[in-house]
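In what follows, a single structure is set out as structure tokens and then discussed.
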Amino acid sequence: MTTISAPRSDPGSNGSRAHAQLERYPIMRELPDDGTLTTQLLAPLWTSHPAWKWLFMASGALSLWFLFAMGVTFARGIGAWGNNIPVAWAYAITDFVWWIGIGHAGTFISAFLLLLHQRWRASINRLAEAMTLFALVNASLFPILHLGRPWFFYWLVPYPATMGVWPNFKSSLPWDVAAISTYFTVSLLFWYLGLVPDLAAARDRAPGRTRRRVYGVFALGWHGSGTEWRHYRVAYTLLAGLATPLVVSVHSIVSLDFAIAQLPGWHSTIFPPYFVVGAIYSGFAMVLMLVLPVRHVFRLHNVITRRHLDHIALLLLVTGSLLAYSYLCEAFGAWYSGDLFERYTMLTARTRGPYAVFFWIMTAVNVLTPQLFWWTRLRTNVVVLFVVGVMIWIGMWLERFVIIVASLNRDFLPSSWHLYAPTWVDWSLLAGSIGLFSFLFLAFLRWVPFVPVSEVKREQREIAFESAYVDRDGAMPEVTR
Amino acid sequence: MTHPRLAAEFTTADALQAAVDALAREHYRELETYAPFDMPELDAKLGRRRSRLGWVVVAGGLAGLIIAYGIQWWANVHSYPLYVGGRPAHAVPAFVPATFEGMILAASLTAFFGVLIVLRLPKLWIPEDEIDGFSRASVDRFWVTANHFASDLDRDRAAELMRSAGARRVIVAED
Amino acid sequence: MSRRVEQPEVNLEFPPGAADPPEWVSRRDFLTLLGAGAAMAAGACMRRPDKPILPYVEAPADVVPGMPLYYATAMPLDGYATGVLVRSNTGRPTKIEGNPDHPASLGASGALEQASLLELYDPHRAEAMRVGRRRATWDAFAAAFAPAALSRRVGARGAGLRVLMPPTTSPLTASLLGRLGEAYPDARTHFFAPLASSARIAAARTSLGAALVPQYDFRAADVVVALDADILATGPFHLRYAREWADRRRASPSAQLHVAEPTPSPTGTLAARRLGATWSAVAAIATALVDAVHRDARSTGRVSGTTDASGGALTPDARAWVAAVAADLAAHAGHSIVVCGERQPSDVHVLTNALNDALGNVGTTVWYTPPAVLNDGGPDHDLSALATELRTGGVDTLVILDGNPCYGAPSDIELSRVVGAVHNTVYLGAYDDETARVSTWHLPAAHYLESWGDARAYDGTTSVIQPLIAPLHGGRTADEVLAVLAGQPNNSTHDLLRDAWNSARGQGAPTTESDWSEALRRGVVAGSAFARATPAVRGDAVAQARATVAARGVAREQIEIGFVPSHAVHDGRFADNGWLQELPDPVTKLTWDNAALMAPAMASRLGVATNDVVKLQVGDRALDTPVLVVPGHADGAVALAMGYGRQGGEAVARGVGVNANALRTSQAPHVAPSAAVSRTGRSHELALAQTHWAIEGRGSSIVGEDGEAQRSTASSVQPRKRRPLTLYEPKPPSRDGFGADQWAMVIDLDVCTGCSACVVACQAENNIPVVGKDGVMKSREMHWLRIDRYIDGPPDDPRFETQPMLCQHCEKAPCEYVCPVNATVHSEDGLNEMVYNRCVGTRFCSNNCPYKVRRFNWFDYNGEIAETERMAKNPEVTIRARGVMEKCTFCVQRIRDAQMASRLAGDPATGPVVTACQQSCPTQAIVFGSLTDPESEVSRQFGDPRSFSALDELGTVPRVRYLARRREADSSDSSGGRAR
Amino acid sequence: MHITCEVAALFSARATTIARGVIIAGLTLIVLIPAMAMGWVRTPWARGEHHTVVQPIAFDHRIHVTGLRIDCRYCHADAERTASAGLPSTKKCVACHSQTWMSTSVMAPIRRSLETGRPIAWARVTQLPDFVYFDHAIHVGRGVGCETCHGRVDRMATAEQVVPLTMSWCLDCHRNPGPRLRPLTEITTMGYTHSPSDTSGVRLVGQGDRIRRLTDCTACHR
């Protein structure tokens with residue numbers, strides 16, 4: 001078994017008393033017995049929060065607007081957007097990369113942290129995984145919507161056509177298809193497998209036979225027998241093991257959509273790591289945006305403690321700093337290459353070009369805001385965390401916008417330079433996708449156990465066990481209650 | 001018979017563990033335990049081996065890898081080779097990403113459906129379901145059940161051990 | 001996914017043309033389009049949406065379905081003929097190309113000629129004859145205007161009859177007018193065209209003693225000086241001049257072109273020494289040149305140029321220019337040409353004649369012939385005379401034969417009003433335009449592709465105009481109307497033509513059947529050009545001219561407004577032509593608008609920038625016009641293109657741009673000497689096809705020369721080659737087998753004027769849609785071939801770079817490897833193929849194309865067009881559907897046809913392939929062919945030291961190469977004379 | 001803490017079987033549906049083969065080809081010259097039929113066409129998509145027999161499509177024309193058999209048509 005202290009890598013730990021306290025701060029506190037805990041964690045499934053209905057309807061309406069904007073695009077053609085030549089990709093691809101980036105935090109939390117035995121993942125991993133799934137739903141919509149002839153999207157898939165022609169696997173777009181479909185499938189399986197024991201709990205706790213039957217079906221008849229747990233354990237860990245390289249590969253491949261091109265601002269070898277870091281960064285920002293309200297509304301302070309917030313903040317600080325480093329590398333590489341076009345795009349167009357203002361906002365938000373988290377108090381201040389989360393969430397959208405539009409609008413021949421301006425359809429698609437996400441997420445909060453009950457119980461037992469054990473030699477502080 | 005011959009309910013994991021210890025000590029191995037969460041510590045005592053699912057998954061992954069690369073090779077090199085951007089038809093580096101994804105996908109599917117098959121899931125009904133209150137096994141109760149006993153004496157001994165380990169109740173099916 | 005033009009059914013009925021400008025797409029009903037989208041999706045997979053096959057009832061002799069035929073005819077513009085060959089697919093004219101045998105074409109064809117095809121199919125053409133509001137028939141007209149009936153109105157001697165028509169060179173029309181004169185001795189005919197100027201003739205009368213026009217031979221000229229004359233891109237003979245100049249320049253790179261002009265023109269962009277000078281300054285410069293060249297001529301009899309040019313009126317820049325140019329002229333006396341533009345007053349033409357005379361050019365490079373236009377420069381070419389008559393009301397019947405004078409006339413004449421006042425007016429016009437709206441009778445005019453007729457070229461060469469298709473809307477020709485008036489109603493133009501020619505026996509007109517059919521076949525009547533004259537210049541006339549010019553002086557404070565022909569819509573007669581409205585101006589890249597062009601200095605003085613609306617004022621006339629700031633424009637001059645601001649019934653033309661005629665007066669129809677310009681504070685967004693002119697220090701990568709003038713001598717321009725190392729060497733061209741070609745193209749930037757004929761040629765050949773002003777502003781124009789314009793350096797005297805940019809057919813094409821569905825791949829013979837029916841429209845290819853030559857169908861552009869416009873489509877090229885990429889294919893349809901033909905003929909080599917752009921190019925700057933043939937011109941030019949690949953350092957290995965422009969070594973003097 | 005105690009188990013034993021059945025059925029469908037779709041497009045029905053096309057005139061190729069031994073090129077005269085093989089003009093039909101059959105009801109459409117001057121609207125039998133540029137001249141001129149694409153017309157009462165006309169079908173020949181070509185003298189022969197000794201096809205290719213080039217996209221798509 002592992003220790004429960006925060007990762008030593010944490011730069012804040014040196015000398016900060018506040019942090020020392022925090023390290024002693026429990027992952028779970030004042031936990032009641034299993035029965036009560038289960039009741040508490042499953043309560044949201046049986047009782048609807050008054051605000052929920054309105055939020056759900058609002059997001060539903062927004063999703064319908066999303067549908068309408070798609071309809072317009074299908075009916076009229078891509079011309080309904082602001083895209084042009086040279087800026088043939090713009091909002092839709094920005095949204096695509098943004099959403100899929102957000103999608104990375106979920107798997108990161110559940111897979112990476114599981115393998116690293118980061119116990120604090122237990123309370124929030126299901127939320128994060130759900131976020132991943134719903135983000136991926138959006139992410140997979142945009143590329144199809146973006147096609148000039150969407151009804152032929154299946155031509156990107158290798159199937160035996162009577163035309164006798166195939167996709168071109170030298171292009172990164174078929175890679176995308178493979179990556180996104182795989183990522184979605186694996187995330188779904190992983191999420192569902194993790195859900196099974198809790199669905200069983202829900203089955204056995206649900207008021208009324210119908211609900212019990214419904215949850216019962218989805219629980220697949222899980223009974224938590226030793227045999228079940230024995231295989232389940234392995235399968236779950238294997239999926240985590242597979243998802244971990246997957247999550248890295250997916251955004252690397254997405255980054256290749258740009259990196260394999262020779263456009264200045266895209267044609268860069270650091271893109272894969274740079275994009276992966278950015279993805280996790282934006283993902284954690286959104287996790288904050290979701291976890292904080294959920295924690296507040298459902299009074300989950302005992303399972304989602306300041307420790308969790310602190311760790312997420314630390315991860316933001318780390319990934320944010322890595323991202324800042326990538327920005328520097330990009331600029332330096334352009335300068336060092338001595339290439340006229342690279343230099344112009346990265347050093348002149350980005351900083352002084354028509355979209356410079358977005359570049360500077362993006363840099364300020366993505367590079368500076370996470371630096372707040374050198375201070376432990378800010379790391380646990382709910383308001384600060386939420387605001388920073390939102391800022392980064394927007395900042396990362398701007399990053400993709402800058403990379404895509406601000407590179408395309410000024411390429412090699414000045415004769416073809418042209419500006420891009422979004423139309424109402426572009427805006428509707430962006431807003432609508434957020435609406436769809438909220439819609440799905442609210443549904444999830446209402447009907448699915450969003451805190452992994454069984455894992456929390458398990459953690460609780462382990463912590464109790466360890467603390468009992470460490471108390472004897474008094475090496476470690478009391479942690480459970 | 002509708003439910004196991006012997007079933008005991010415990011209120012804490014520790015009690016369950018104690019019961020299993022006691023039973024194991026007296027070489028009762030044909031036991032099944034039920035708990036709301038994973039208790040790997042029981043496996044050793046009951047002589048449960050580590051799951052072999054891993055090897056199946058490896059096989060699945062390899063298959064996926066080969067199929068994925070095969071498709072790409074067939075499509076771009078064998079079936080309809082085209083001059084694309086002055087690159088060779090058999091562009092190995094370009095085939096890597098999709099191959100990797102194919103491998104992961106196949107492996108994950110194997111893992112998921114593998115565990116369903118191994119556990120015979122879905123299994124909506126088991127005899128224990130007939131025991132009143134057994135459903136709390138997924139919430140806050142811990143159960144031990146056993147079906148095979150050399151004799152009724154044997155069974156009663158087991159029941160005895162369970163009680164002494166602090167079973168809340170022990171259900172014995174008379175026959 | 002795509003529709004192809006079906007063979008038109010016999011006597012096809014056309015739906016009332018209701019096509020709208022393309023931005024209409026965006027306003028289309030949501031659901032219907034949804035349906036359309038779905039249908040298109042389905043259509044792609046459907047097997048039997050059977051259209052019936054319609055064979056002929058009786059197969060015509062020479063028509064084989066699917067085999068195009070070419071006919072020779074001629075397009076008259078401002079009266080002058082330009083010979084063309086027209087391709088006809090099963091009875092539909094689908095492409096217009098130049099006629100090599102015609103002196104005005106020499107095989108090339110300009111943008112206007114090319115685009116006149118679309119005019120034929122224009123759904124907005126007038127479709128029915130009308131009198132008042134009622135429909136009328138030709139017979140009714142013939143009856144009402146037969147001499148018997150008409151003389152009752154206009155009197156036996158026709159005192160009340162007036163005919164107004166554009167200047168004509170047609171012998172037939174001349175003879176018909178003759179007969180009209182016989183029928184009505186007192187009837188008068190007047191000629192008017194907005195752009196026509198009598199200055200040249202007037203000058204000839206005074207300085208040469210006869211009505212003559214100058215003719216030039218640029219093949220023999222080492223130095224050409226163009227004073228406010230866009231010799232290479234406008235005017236009746238510009239195709240010939242451009243070709244001759246290019247030939248000379250190719251033969252001897254030292255041949256020079258010097259230009260002084262108020263507003264940058266294609267000719268100016270090619271000049272070795274270019275000077276921006278106002279119209280009045282150009283006149284002064286002419287005087288200065290005369291002085292500089294003359295002085296020595298008087299003393300020593302030897303012509304020489306002096307450096308201290310007189311003319312204190314001139315700026316230092318101008319003086320420096322004059323000195324340098326005069327020296328150059330003197331050095332090449334006898335082998336030089338001085339040309340003066342139409343807009344200059346007659347005394348400047350006198351000075352020009354004097355210069356050519358003094359330089360001894362007359363007889364070698366310059367000579368004179370009688371004008372081809374009927375009574376050119378005569379009193380009946382003065383519209384105001386007619387206007388006065390109409391006002392005083394002696395006229396009962398006015399017959400207007402085309403030309404839409406009510407739009408084009410100077411505003412002080414108020415022609416619409418006076419014509420409206422005439423009792424009985426007939427207008428023969430193609431459109432329900434401004435003139436039609438004030439006329440009693442409106443007869444639809446036949447397009448020249450629908451009519452018989454004849455016309456002379458600028459040098460007098462006669463051509464027969466023969467129809468390729470029966471009039472689509474029952475249109476009639478001017479000759480038919482005149483015939484009615486002259487009392488021969490029932491003769492077809494064809495018969496009239498034969499009669500006229502028979503009567504013109506002995507004047508080179510073909511009389512025998514064989515002559516006739518030969519004339520039809522070749523498109524010209526052999527030996528019908530005018531005889532050359534080389535009269536001497538009268539000294540007194542020159543002195544007189546110098547005096548007047550000096551007296552007039554150079555405008556200092558006040559602003560001059562020049563009214564220049566639009567490169568697209570000419571004087572407005574092409575205003576309803578979408579191809580031309582969307583054709584970017586060769587210099588400014590402006591589309592779908594005209595604007596007040598002015599110098600940066602002047603704009604900053606006025607505190608305005610491009611898109612700001614200013615108020616132009618000439619006397620009491622004012623016009624609000626958007627500003628377009630153009631580097632190199634003469635300070636103090638404003639150039640405003642004619643032909644816009646149309647108010648007629650043409651849907652495309654209406655409301656595009658502003659009407660320059662509102663500022664024109666009959667006294668100053670071409671240049672308003674003293675005008676005022678003031679800010680309005682409003683703005684109007686112009687649709688510029690290129691929004692960025694600076695080359696950002698990338699000159700050496702893009703146009704093969706660095707920013708500051710090449711120090712090297714003209715002959716040794718050597719663009720740097722910086723192709724990087726590569727992992728994958730491009731596949732070596734396969735040379736084996738039957739017609740194993742490797743297609744390639746070379747474009748010579750040294751002779752490319754940017755005239756944009758190739759752009760329209762490509763549009764016509766490849767079924768390229770029009771996207772409308774909205775589309776252009778969104779940078780969605782569809783041209784496969786565009787002309788890039790870079791204007792760099794000091795704003796008063798910039799460098800102009802011209803670069804035709806099309807798919808470079810890279811051997812290592814970046815677009816190919818990013819296409820997920822293999823919709824763009826490389827062919828065996830080196831083409832970058834674009835497979836529309838495979839394209840799903842990811843647009844990745846465009847992002848990765850460094851040349852940005854790929855175009856995307858943002859909307860269903862081709863679904864929007866009228867049935868008639870569909871007939872203009874080339875059946876050999878797929879009509880692209882919505883959502884697919886498209887781009888230059890090197891005219892693959894022509895390549896494949898040639899290959900199949902040679903295969904069937906068993907000829908091991910593929911016959912010559914001429915791409916549409918190459919065919920149209922006046923200067924033959926475009927060369928196309930196969931690299932596998934080491935003898936081919938393209939192979940030779942690929943090896944030329946001047947050849948380079950655009951963006952060579954990217955390693956795309958283009959199959960299109962450019963020959964870098966030769967720029968002369970910088971001469972020591974600082975300013976205006978600077979070589980550019 | 002209240003704990004619900006159900007009277008009986010939530011599911012019966014049968015539920016398990018049903019659940020498993022549903023899952024298996026679902027998975028099979030996911031695989032089966034696309035597979036069936038791909039199968040369907042490969043059937044003659046999907047490709048429009050053997051689909052009897054109703055013609056304005058009950059024209060019987062058997063009589064004209066087998067019976068009267070009229071060469072295909074007499075009526076489809078442009079096959080050797082241009083892209084489209086062409087259909088006979090009404091006048092051409094009349095040329096022979098002025099004497100025979102003219103009065104019969106079968107010929108009514110021809111008579112009408114003659115009177116009105118309106119063409120006879122034949123229904124298309126062999127149709128390629130608009131974006132395919134098929135050229136009869138080059139195929140006929142390089143030894144592709146009529147039969148190869150149009151089948152045994154001499155045995156057809158009403159002409160019908162007998163080949164798939166899918167792109168992969170075209171590719172089969174474009175990739176390896178040799179064995180499918182025939183001597184130019186045999187172009188219109190019906191029921192021509194490629195004897196293994198016959199190398200004429202290979203020779204026609206041997207004249208240097210580069211096979212790779214026949215699979216260039218722009219060979220058919222422009």
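Residue numbering restarts at 1 for every chain, and letters A, B, ... go by the order of the sequence lines. Basis for what follows: all heavy atoms, side chains included, without hydrogens, waters or symmetry-related copies.
- Side-chain N/O atoms of S171(A) and Y817(C) include no donor and acceptor closer than 3.5 Å.
- When each of G697(C), A694(C), A689(C), C819(C) is scored by its heavy-atom pairs under 4.5 Å with chain A, the top score falls to C819(C).
- For M782(C), no part lies near chain A; criterion is any non-hydrogen pair under 4.5 Å.
- Residue A950(C) does not touch chain A at all, counting heavy-atom pairs closer than 4.5 Å.
- Most heavy-atom pairs under 4.5 Å with chain C: of the set K170(A), M163(A), Q262(A), H267(A), this distinction falls to Q262(A).
- For R698(C), the parts lying under 4.5 angstrom from a heavy atom of chain A are both the backbone and the side chain.
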Test side-chain contact (heavy atoms from CB on, under 4.5 Å) on F844(C) and I260(A); report intermediate values, then the result.
CA-CA 11 Å; F844(C) 202 168; I260(A) 69 163; 4.2 Å; yes
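- Across all their heavy atoms, S415(A) and D788(C) have their closest contact at OG-OD2, 2.7 Å.
- For H418(A) against K778(C), the heavy-atom pair with the smallest separation is CE1-C, 4.0 Å.
- Interface summary for chain C: among V87(A), V165(A), L263(A), the most heavy-atom pairs under 4.5 angstrom belong to V165(A).
- At a 4.5 Å heavy-atom cutoff, D339(A) makes no contact with chain C through either its backbone or its side chain.
- For W81(A), the parts lying near chain C are the backbone and the side chain together; criterion is any non-hydrogen pair under 4.5 Å.
- A donor-acceptor distance shorter than 3.5 angstrom exists from the side chain of T691(C) to the backbone of W417(A), with no hydrogens or angles considered.
- Here T956(C) contributes atom OG1 and F412(A) contributes atom CZ; the two are 9.5 Å apart, rounded to the nearest 0.5 Å.
- Contact of R854(C) with chain A is made through the backbone alone, with heavy-atom distances under 4.5 Å.
- With values rounded to the nearest 0.5 angstrom, R780(C) atom CZ is found 7.0 Å from N83(A) atom CG.
- The shortest non-hydrogen separation linking I702(C) to P414(A) is CD1-CD, 3.5 Å.
- In plain terms, the two heavy atoms of G148(A) and F856(C) that are nearest each other are CA-CZ, 3.7 Å.
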L413(A) vs L951(C), test: side-chain contact (heavy atoms from CB on, under 4.5 Å). Steps then yes/no.
CA-CA 9 Å; L413(A) 299 185; L951(C) 302 175; 4.0 Å; yes
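- Between the CZ atom of F258(A) and the CG atom of N848(C) there is a distance of 12.0 Å, given to the nearest 0.5 Å.
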CA sep, side-chain torsions, deciding dist, call: L156(A), V840(C), side-chain contact (heavy atoms from CB on, under 4.5 Å)
CA-CA 9 Å; L156(A) 273 76; V840(C) 294; 4.1 Å; yes
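- Looking only at distances, no side-chain donor or acceptor of N847(C) sits under 3.5 Å from a matching main-chain atom of A261(A).
- A donor-acceptor pair shorter than 3.5 Å cannot be found between the side chains of N84(A) and S779(C).
- Looking at R843(C), its side chain does come within 3.5 Å of a backbone N or O of A88(A) through a donor-acceptor pair.
- For the atom pair CZ (R882(C)) and CD1 (I78(A)), the distance works out to 7.5 Å, reported to the nearest 0.5 Å.
- For chain A, the option among P850(C), P814(C), A823(C), G841(C) with the highest count of heavy-atom pairs below 4.5 Å is P850(C).
- In this structure, the portion of A80(A) lying under 4.5 Å from any heavy atom of chain C is its backbone and not its side chain.
- At a 4.5 Å heavy-atom cutoff, the contact between E816(C) and chain A is made by backbone atoms alone.
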Derivation of the side-chain contact (heavy atoms from CB on, under 4.5 Å) call for W89(A) and S846(C)
CA-CA 9 Å; W89(A) 288 1; S846(C) 168; over 6 Å; no
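- Between R838(C) atom CZ and W155(A) atom CH2 the span is 6.0 Å, to the nearest 0.5 Å.
- Across I85(A), L147(A), L173(A), the residue that shares the most heavy-atom pairs under 4.5 angstrom with chain C is I85(A).
- Per-residue counts of heavy-atom pairs under 4.5 Å with chain A were compared for E781(C), Q803(C), K589(C), M777(C); the largest is that of M777(C).
- With no hydrogens or angles considered, no side-chain donor-acceptor pair links H692(C) and R410(A) at under 3.5 Å.
- The structure places CZ of R786(C) at 5.5 Å from OG of S416(A), a figure rounded to the nearest 0.5 Å.
- Annotation: maximal heavy-atom pairing with chain C below 4.5 Å, among W266(A), Y344(A), F341(A), occurs at F341(A).
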